[in-house]
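Just the heavy atoms: all of them, side chains too, but no hydrogens, waters or symmetry mates, feed the values below.
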Amino acid sequence: ISAGDPPLINLVEDKNLTDDPEMVGPYVKAGLDGGSRHVIIKAERLVRHGFVQKVTREANNVIKEYDGAKFSIAVEDKP
């Protein structure tokens, strides 16, 4: 997740940028259906906590339906 107004979510495998957290759920589902079991959410330090929570909530709503699936959150340190 890149800082900005609005913050941008980089859906890496789709090579797609969006500012809509609701796009995360279908993206995560496609990855889990494809065999992935670990989702990594990375955010730049200046991204508001509430936005990261929205993205995490969307991902977790999908992840909890898959046995063995998990997610990690990483926040970029100050330079």
Residues at least two apart in sequence or cross-chain that pass side chain to side chain contact (heavy atoms under 4.5 Å, CB included) with R37, listed by chain then number, are L32, Y66, A69
Per side-chain contact (heavy atoms from CB on, under 4.5 Å), F71 is matched among I40, V62, V39 by V39
Applied to residues 3-14, the side-chain hydrogen bond (donor to acceptor under 3.5 Å, both in side chains) test, sequence neighbours excluded, yields none
Those residues at least two apart in sequence (or on a different chain) that pass side chain to side chain contact (heavy atoms under 4.5 Å, CB included) with L46 are A3
Side chain to side chain contact (heavy atoms under 4.5 Å, CB included) filter on T18, not counting sequence neighbours, yields I9, L11, D20, M23
Contacts of K29 meeting salt bridge (charged side-chain N to carboxylate O under 4.0 Å, His left out) (sequence neighbours excluded), chain-then-number -> D33
**Asked** Quick check: does any side chain N or O of Y27 sit under 3.5 Å from a backbone N or O of A59, one acting as donor and the other as acceptor?
**Response** no
* Heavy-atom distance under 4.5 Å between the side chains of R48 and P7, does that happen here? -> no
Between the CD atom in E76 and the CD atom in E44, the distance rounded to the nearest 0.5 Å is 5.5 Å
Connected via hydrophobic side-chain network under 4.5 Å: I73 and V12 | yes
Could you go step by step and tell me if K42 and I1 meet the side-chain contact (heavy atoms from CB on, under 4.5 Å) rule? CA-CA 6 Å; K42 296 190 295 185; I1 305 170; over 6 Å; no
Scanning both residues in full, the closest heavy-atom pair of S2 with V47 reads C-CG2, 3.8 Å
Residue pairs passing the salt bridge (charged side-chain N to carboxylate O under 4.0 Å, His left out) test with at least one member in residues 49-68, sequence neighbours excluded, are none
